[in-house]
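Here is how names work: the chains are called A, B, and so on, in the same order as the sequence lines, proteins then strands, and each is numbered from 1.
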Amino acid sequence: MASQQLSKTYEPQAVEARWGPYWIDRGYFGAPADSTGQPYTIVIPPPNVTGSLHIGHALNNTLQDILIRWRRMQGRNTLWLPGTDHAGIATQNVVERQLLEEGTGREELGRDAFIERVWAWKQHSGNTILDQLKRLGASCDWARLRFTMDEGLSQAVREVFIRLHREGLIYRGHRLINWCPRCLTALSDVEVEHEPVHGTMYHVAYPLADDDTSLVIATTRPETLLGDTAVAVHPEDPRYNRHIGKFIKLPLTNRTVPIVSDGILVDREFGTGAVKITPAHDFNDFEAGERHQLPRIALLSHQALLNPKALRDAGVEPDILETIANLPAIKARPIVVDALKHRSLLVKTEDHEMALGKCYRCKTVVEPFLSPQWFVRIQPLADPAIAAVEQGHIRIIPEEWSNNYLGWMRGIKDWCISRQIWWGHRIPAWYCATCHPEARRILEGGGSHLIPTHAEPVVAETTPDTCPTCGQNQFIQDPDVLDTWFSSALWPFSTLGWPANTRDLETYYPTSTLVTGLDILFFWVARMIMMGLKFTGKPPFRDVYIHALVRDAEGEKMSKSKGNVIDPLTKMSQYGTDALRFTLASMASPGRDIKLSENRIEGYRNFANKIWNAARFILMHADGPSESRPIADKPFVDQWILSRLNHVTGTVTSRLEEYRFDQAAGQLYQHIWHEYCDWYLELIKPVLQNGDSPAARSTRATMLQTFEHLQRLLHPFMPFLTEEIWQTMPHQGDSLVSQPFPVAANEWENPEAEQTFAIIEQIVTTVRTGRALLDYGPSKALTILVTAKDPEEVARLNEARDHIAHLCRGTVSIAERDTWPADRILHLAVGSFTIGITIEGEVDLKKALTRIEKQSQTKQKEATRLHGRLASPDFAAKASPEVIQESKDRLALLTAELSLFASSEQQLRKMVS
RNA sequence: GGGCGGAUAGCUCAGUUGGGAGAGCAUUGCCCUUACAAGGCAGAGGUCGCAGGUUCGAGCCCUGUUCCGCCUACCA
């Protein structure tokens with residue numbers, strides 16, 4: 001029947017093109033609103049709208065899809081909610097690059113036009129990654145697609161902002177923050193990537209104001225000394241503490257600055273033990289400055305250029321000032337160093353390893369920058385989030401990452417949430433133009449972005465009508481937008497309709513599992529937990545499954561600049577989506593990075609093809625009459641495969657429950673290829689040829705039943721292939737997507753059948769080995785003689801006999817040893833059996849002899865070891881009885897085999913000579 | 001600086017309470033056996049990073065050490 005339609009090899013492209021749209025168009029992925037099943041929810045980690053599917057996405061979404069398809073088939077009320085993230089800085093950068101190519105820029109366009117332009121870009125290009133996810137087979141409820149800047153989600157953002165502000169958990173502060181001089185915005189601590197660099201440590205002599213000696217300080221940024229407002233020494237440092245309270249003459253300036261005592265900042269062991277304090281350009285110094293009430297001198301502009309006005313205010317000598325004004329700090333450094341050298345103030349320089357902070361979006365070196373920003377007071381939010389994990393309300397899997405999370409949360413600092421960019425959620429704060437002239441200047445287009453913190457805004461959902469202070473009605477909205485991760489933090493509930501108390505929220509929240517990479521544990525996961533607990537009173541998810549980072553075959557992080565990116569879409573076209581999915585699932589071992597190698601994908605492509613051909617075989621033989629009957633009445637092969645299937649079903653299910661995708665996939669691979677195809681399908685071939693026999697009718701039914709069962713088990717991993725096969729099978733029912741996931745049927749368990757199979761397997765393998773070592777071609781006639789003493793064994797052998805004969809291509813005869821021919825026979829050991837293989841015609845016996853000798857030696861070694869162990873009194877006294885018995889049994893077996901080898905060797909020698 | 005992870009076959013990796021070292025790919029020999037040569041069958045290949053320790057017994061537990069990777073951090 002259908003067999004003619006199936007091509008000889010699996011052709012994934014056509015299959016994927018067929019079923020991808022089919023599933024979506026017929027609504028198979030939609031969350032069933034009226035389902036009574038227990039809900040199972042996953043919210044997708046929203047990819048950036050600017051994104052294109054990379055291998056990390058492929059892994060992340062494959063794992064989510066496996067979970068979702070599996071739970072859906074289990075009958076759970078399943079929702080996988082998809083969406084994208086507006087990705088403030090990243091997206092703005094993309095559009096700005098476009099504008100640059102067009103010879104314009106965002107400033108020229110103006111804010112409103114620019115934002116319009118970004119929306120247009122999103123409309124046009126923002127769906128790329130969604131289409132790619134669909135190609136991957138992601139079974140999201142696409143009708144519920146969300147975007148972090150949707151009206152609903154934006155309302156959630158405003159609501160959260162206002163409530164946090166009302167509670168004093170959001171505040172403005174004039175602080176040192178991380179500033180990207182290229183993106184021209186503040187960054188949060190986690191948005192700074194630290195990179196080790198080879199720097200230089202400069203030892204600079206600072207002359208004391210009241211005598212001729214000097215204090216030597218060590219610094220890696222000598223140019224910032226122009227902004228020093230103190231020098232610190234340790235209070236208990238005998239070298240320096242007599243200077244505390246005195247002043248030094250700051251080199252290259254006309255200023256004197258005090259020497260202060262600071263036990264926190266100063267590490268006596270490091271550098272010279274004397275530290276310059278530059279509160280406006282270093283986080284430690286900022287804090288030290290607060291402790292000592294020091295002035296802050298900010299030398300740099302927002303583009304990190306030395307500001308002439310600031311330099312003048314800092315008292316920098318005019319000739320120096322002139323040479324460094326408007327230079328980037330890094331360019332000014334050699335000039336400053338040179339000047340110091342000329343005045344013999346540079347004591348020495350030495351190499352110094354240090355970490356440099358870079359912008360995670362554009363890799364520009366970030367500057368500590370003094371500016372007014374919005375912050376979230378994080379401690380009150382972090383405490384419950386720590387407790388939720390500590391008390392097990394949220395499980396982090398693998399558990400080892402919990403410490404990572406807890407450690408970070410315990411040392412967490414306030415979160416800078418304002419960004420000086422345009423694309424994002426505008427901060428819902430309004431400044432009265434009358435009360436705050438700075439705001440008016442912005443309104444009129446002449447002011448800086450940064451409104452000083454003493455200006456008190458009105459925080460509200462919409463523009464206020466009148467100013468509570470002066471009663472005027474002209475307002476300017478805060479120009480900043482929120483950190484992208486602020487809206488992402490609300491994702492699990494904002495996507496379900498919060499702050500409205502929707503039915504979705506009630507049904508699907510808290511979500512079940514969050515699947516994500518370690519790289520956004522702090523960016524995203526931690527913040528979702530904090531916000532979820534704060535605003536819904538519940539943890540946003542039960543389990544957090546953290547998967548590995550995908551690296552290239554050399555273990556390097558993939559990046560465009562390195563050119564080592566493995567493009568999942570290319571691999572999907574090359575090998576099929578299912579092959580890629582299966583590879584990723586197989587390699588998803590916990591706590592380990594994935595080094596993706598192409599030959600693994602190829603191997604699983606072959607696996608898909610194997611299954612495909614098994615399907616062809618089965619369809620080819622599914623024509624005849626079939627008949628289902630009680631298990632007890634089924635032929636042995638049926639009983640055996642059902643027993644194995646029961647086992648693998650249970651294992652796959654429990655491995656999935658433990659998020660062991662690798663082991664679940666491995667079980668399926670092993671079972672389908674080696675047990676099902678290599679043994680079961682081979683075993684039933686002769687049965688099926690006997691077309692209309694009762695055994696054939698039963699086996700035909702079992703064959704179809706088990707194969708369908710396997711398609712259902714495998715479907716979450718390889719949805720396209722299994723659907724294609726499913727649709728070709730002769731059965732009722734629509735898409736495999738909505739079929740029930742198999743449940744282990746323990747009545748299938750059958751130790752008897754498994755034991756009989758073990759006999760078949762052992763004897764067949766041994767005979768084949770015998771053939772191979774005699775170079776005795778597979779089609780040459782062969783008689784296999786087997787002895788068995790135990791009546792139970794004889795019974796089993798009789799049951800196994802035809803199968804053995806078929807798989808060995810020989811005749812099997814059960815006979816006592818003394819009835820065997822004396823000559824031209826190879827003796828082999830198989831567990832408790834002895835078999836003999838008759839040899840006809842000319843064969844290379846020497847080769848066989850060598851092989852047997854070698855095997856004999858290996859066994860002898862093991863026997864000696866076991867013997868020694870059993871002879872040890874300590875072992876007898878201390879090992880458990882089971883272990884002792886095991887060793888004894890093993891040794892007995894080895895001894896029997898060895899004696900057989902000996903007799904085989906003897907026989908062969910006789911024949912050779 | 002702190003924390004974590006890794007080192008097992010040529011390559012990529014499993015190895016679940018300590019008790020006969022595994023898989024996939026690659027490789028060797030034989031086989032076009034009527035589902036599959038992207039296949040079948042049978043092999044070869046490892047002193048489990050190094051050094052100690054605990055134990056009757058260690059890939060697994062402990063200590064130290066080397067190399068690699070990641071996270072984190074204010075050492076100027």
Expected string for nucleotides 42-49 of chain B under the B/S/- scheme (protein heavy atoms, under 4.0 Å, primed atoms plus P, OP1, OP2 as sugar-phosphate) is SSSS----
_Classify A:Y604 by what it touches in the nucleic acid, base, sugar-phosphate, or nothing, heavy-atom distance under 4.0 Å._
nothing
**Touch class at under 4.0 angstrom, heavy-atom based, for A:H203 against every strand present** = nothing
(message) Is the terminal nitrogen or CZ of A:R771 (NZ for Lys, CZ for Arg) located under 6.0 angstrom from the six-membered ring centre of A:Y776 and within 45° of that ring's axis?
(response) no
Out of B:G24, B:C41, B:C75, minimum distance to the side chain of A:D267 belongs to B:C75
Heavy-atom nearest nucleotide on RNA chain B taken for A:T272 and for A:H194; more 5' hit belongs to A:H194
(message) Categorize A:N599 for me: base, sugar-phosphate, or nothing, with a 4.0 angstrom heavy-atom threshold over every strand shown.
(response) sugar-phosphate
Regarding the side chain of A:W673, the nearest nucleotide among B:G40, B:C71, B:A35 is B:G40
- [ ] Tell me whether the OP1 or OP2 atom of B:G39 has a side-chain N or O from A:N606 closer than 4.0 Å.
- [x] yes
Of A:I641, A:V652, A:T651, the one forming a side chain to side chain contact (heavy atoms under 4.5 Å, CB included) with A:H671 is A:I641
Exercise for the section: Would you classify A:K413 as touching base, sugar-phosphate or nothing, given that sugar-phosphate means primed atoms plus P, OP1 and OP2, and contacts are heavy atoms under 4.0 Å? Expected result: sugar-phosphate
So A:L265, base contact, sugar-phosphate only, or nothing? Heavy-atom distance under 4.0 Å. base
Mind checking if A:F522 touches a base, just sugar-phosphate, or nothing, with heavy atoms under 4.0 Å? sugar-phosphate
- Would you mind classifying the nucleic acid contact of A:Q670 as base, sugar-phosphate or nothing, using non-hydrogen atoms under 4.0 angstrom? nothing
Q. Across the strands shown, which category fits A:A877 at heavy-atom distances under 4.0 angstrom: base, sugar-phosphate, nothing?
A. nothing
Report task. Under 4.0 Å between any heavy atoms, over every strand shown, what does A:H352 touch: base, sugar-phosphate, or nothing? Just pick one. Result -> sugar-phosphate
Scanning all shown strands, the Watson-Crick or wobble mate of B:C41 with both distances under 3.5 Å is B:G29
Using atom C1' of each nucleotide, how far apart are B:G29 and B:C11 to the nearest Å?
22 Å
query: A:K8 near the nucleic acid: base, sugar-phosphate alone, or nothing, with a heavy-atom cut-off under 4.0 Å?
result: sugar-phosphate
